[in-house]
Amino acid sequence: MKQLIFASNNAHKAHEIRALLNNRFDIITLKEAGIFIDIPEPHATLEENASEKSLTIYKLTNKDCFSEDSGLEVEALAGEPGVKSARYAGEKASAEENNALLLKKMENISNRNAQFKTVISLIMDGKEMMFEGVCEGSIALQPSGNGGFGYDPLFIPKGYDKTFAELGIEVKSLISHRKKAIASMNQFFKKCS
Ligand code: ITT
């Protein structure tokens, strides 16, 4: 099976992506590849940060790889936390701290519309390609559920009345931002084969 390095240190993402790629590739995380670096994400867009991660690993390994940058964009907060999703409440903030800050900023805000966005940067044979996926929904009034990671306890996808953390990976894998971005990458792989 063809190997593909996933340029990420987020084990939750790797778990979801392996399920979504359905064993099409042997996905190797950075840790499994013996690469112990925290790639900086200094840019203002998900696209630039995704490129930064995959290009860093490609330059280091010269192997096919991909990365993804994701963020939660809240309409009433002008797209915050966006690219800062992982470090919204501070550089080393936990998911609970990020969620608490988001709820605080949304106190007394009735427009709860939000979307998750994933941008994938794939480098194959030295060429970069990008894929994107968006999942619309809304921000709950309080965290619920134990599944998933990050903002999942606060995000209610459109058409549902439970959070991603309550719905679990089975439902999330059908409708998520990550699912849509991976589906688009899969279309590309199908065209190539
Ligand atoms: P890598 O850069 O190593 O891949 P990361 O956690 O730093 O891992 P990002 O820079 O893409 O990843 O940060 C995205 C943050 O957005 C992530 O830490 C979560 O807080 C949140 N996030 C992304 N996808 C999510 C999802 O599917 N469900 C809930 N929260 C998510």
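Start at 1 and go down the list; that is how both ligands and their atoms are numbered.
- Taking every non-hydrogen atom of Lys53 and a distance limit under 4.0 Å, the qualifying atoms of ligand 1 come out as 1 (P), 2 (O), 4 (O), 10 (O), 11 (O).
- For ligand 1, the atoms closer than 4.0 angstrom to any heavy atom of His177 are 24 (N), 25 (C), 26 (C), 27 (O).
- In plain terms, the two heavy atoms of Asn111 and Glu75 that are nearest each other are ND2-OE2, 2.9 Å.
- Near Asp69, the atoms of ligand 1 lying under 4.0 angstrom from a non-hydrogen atom of the residue are 9 (P), 10 (O), 11 (O).
- Counting only non-hydrogen atoms, the option in Phe155, Phe149, Tyr88 that gets closest to atom 22 (N) of ligand 1 is Phe149.
- Using a 30° and 60° split on the angle between ring planes, Phe155 and Phe116 fall in the tilted class, from 30° to 60°.
- Ligand-side atoms of ligand 1 in range of Ala86: 13 (O), 15 (C), 18 (O), range being under 4.0 angstrom from any heavy atom.
- Ranking protein heavy atoms by distance to atom 14 (C) of ligand 1, first place goes to Ser70 O, 3.1 Å.
- For the atom pair Phe189 CZ and Ile182 CD1, the distance stands at 8.0 Å (nearest 0.5 Å).
- In the model, Glu48 has a side-chain atom that pairs as donor or acceptor with a side-chain atom of Thr45 under 3.5 Å.
- The shortest non-hydrogen separation linking Arg178 to Ile17 is CD-CG1, 3.8 Å.
- Using a 4.0 Å cut-off to heavy atoms of Glu41, the atoms of ligand 1 that qualify are 2 (O), 7 (O), 10 (O).
- Looking only at heavy atoms of the protein, atom 21 (C) of ligand 1 is closest to Tyr151 CD1, 3.8 Å.
- Relative to the ring axis of Phe164, Lys172 places its NZ or CZ within 45° and under 6.0 Å from the centre.
- In this structure, the protein non-hydrogen atom closest to atom 16 (O) of ligand 1 is Ser85 CB, 3.2 Å.
- The heavy atom nearest to atom 8 (O) of ligand 1, considering only Val83, Asn9, Asn10, is found in Asn10.
- The closest non-hydrogen atom to atom 11 (O) of ligand 1, taken over Arg87, Glu68, Lys13, Lys172, comes from Lys13.
- In summary, the atoms of ligand 1 found under 4.0 Å from a heavy atom of Arg178, numbered by their order in the structure, are 23 (C), 24 (N), 25 (C), 26 (C), 27 (O).
- Under the 4.5 Å side-chain contact rule for hydrophobic residues, Met129 and Ile27 share a cluster.
- Ring pair Phe188/Phe131 is tilted by interplanar angle, where 30° to 60° counts as tilted.
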